[in-house]
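What you see below is based on every heavy atom in this structure, not just the backbone, and it leaves out hydrogens, waters and symmetry mates. Remember, it's 1-based here, ligands and their atoms both numbered in the order they're listed.
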Amino acid sequence: MARNGGRPASGFWRETAQLVGAVGRAMGITLRNLFRQPVTVRYPDVPRPYPDRFRGILALTYDPETGEENCIGCRLCEYVCPPQVIKVEMLKREKRNYAKTFTLELYACEFCELCVQVCPTDAIVMLKSFDLATADRRDLLLDKDRLHALGREFEPSWATGNRLRDMQAPPKPVRAEAKGEAKEPAE
Ligand code: SF4
Ligand code: SF4
């Protein structure tokens, strides 16, 4: 009799009410989300648009006007690369030089972008894609043809060597003032 007294009975109904309330709230959330647009996409069938400044895998480029390779084989990217994953051989020609061979070990790349920053001809760029996953490391040893093919396949990132260097240069009025100051002592 003591167990069915006033307090145990009210506790039972209070707990039942709490349980029904909790189930009702959970069902409400489920129903609201049932008709929402999903935030996920069916990758890789549906790729997400990348932001302009996304920097992914590396590639070599062609000059769109002449169709010539932009790389002049100067090896600056090879010298600057911290993990030394770029190897270039220069091919000397009368009008301009080319890269005879160009290899990049992408599996050891740090994606620091230094090679892009130093390239005088915007020949090496980063792409708006990371879509190069593989279970075989040999697939990530990229030669010149593969690097050019990647450059044609994916959209380049906003950043090129010339743009990045322009960003680091002082603004034009400051440059003009500096020139004026430099001339004054001579006059
Ligand atoms: S991004 Fe950095 S680590 Fe990768 S190839 Fe370029 S310089 Fe080397
Ligand atoms: S990619 Fe650029 S920095 Fe590297 S060898 Fe070619 S021209 Fe020189």
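- In the hydrophobic clustering, where aliphatic and aromatic side chains (Ile, Leu, Val, Met, Phe, Trp, Tyr) are joined below 4.5 Å either directly or transitively, Phe35 groups with Leu31, Leu34.
- Neither the backbone nor the side chain of Glu78 comes within contact range of ligand 2; no heavy atom lies under 4.0 Å.
- Ranked by closest heavy atom to atom 1 (S) of ligand 1, the top entry among Glu113, Gln84, Glu105 is Glu113.
- When all heavy atoms are compared, the tightest approach of Lys128 to Phe54 is CA-CD2, 3.8 Å.
- Protein heavy atom at the shortest distance from atom 2 (Fe) of ligand 1 is Cys112 SG, 2.2 Å.
- Close approach to Glu110 involves these atoms of ligand 1, each under 4.0 Å from a residue heavy atom: 3 (S), 4 (Fe).
- The shortest heavy-atom contact between Asn162 and Pro120 is ND2-O, 3.7 Å.
- Note: Tyr50 and Phe130 have perpendicular aromatic rings, judged against thresholds of 30 and 60 degrees for the angle between ring planes.
- Using 4.0 Å as the threshold, Ala99 has no heavy atom nearer than that to any atom of ligand 2.
- Shown here for Thr40 and Arg48, the closest heavy-atom pair between the two residues is CA-NH2, 4.0 Å.
- Closest non-hydrogen pair, Asp122 versus Gly161, comes out as OD1-N, 3.2 Å.
- Closest non-hydrogen pair, Ala99 versus Val88, comes out as CB-CG1, 4.0 Å.
- Within the structure, the closest approach of Val85 to ligand 1 falls below 4.0 Å when heavy atoms are considered.
- Hydrophobic clustering (ILVMFWY, side-chain heavy atoms < 4.5 Å, transitive): Phe111 and Trp158 are in one cluster.
- When hydrogens are left out, the protein atom nearest atom 4 (Fe) of ligand 1 is Cys109 SG, 2.3 Å; that is the closest non-hydrogen contact.
- A donor-acceptor pair is defined here as one N or O able to donate and one able to accept, closer than 3.5 Å; no such pair exists between the side chain of Asn97 and the backbone of Ile72.
- Under a hydrophobic clustering in which Ile, Leu, Val, Met, Phe, Trp and Tyr are joined whenever their side-chain heavy atoms come within less than 4.5 Å, directly or via other members, Leu132 and Phe102 fall into the same cluster.
- Across every non-hydrogen atom of Met90 and Cys74, the tightest pair is CE-CA, 3.9 Å.
- Those atoms of ligand 1 that come under 4.0 Å of a heavy atom in Cys81, given as number and element, are 3 (S), 5 (S), 7 (S), 8 (Fe).
- Counting atoms of ligand 2 from 1 in the listed order, those under 4.0 Å from a heavy atom of Arg75 are 5 (S), 8 (Fe).
- Within a radius of less than 2.8 Å around atom 2 (Fe) of ligand 2, the protein N, O or S atoms are Cys119 SG.
- For ligand 1 and Ile86, the ligand atoms under 4.0 Å from any heavy atom of the residue are 5 (S).
- In the vicinity of Pro83, heavy-atom distances shorter than 4.0 Å reach the ligand 1 atoms 3 (S).
- In this model, a donor atom of one side chain and an acceptor atom of the other lie less than 3.5 Å apart for Thr61 and Asn70.
- Remark: ligand 1 atoms within the under-4.0 Å shell around heavy atoms of Phe111 are 1 (S), 4 (Fe).
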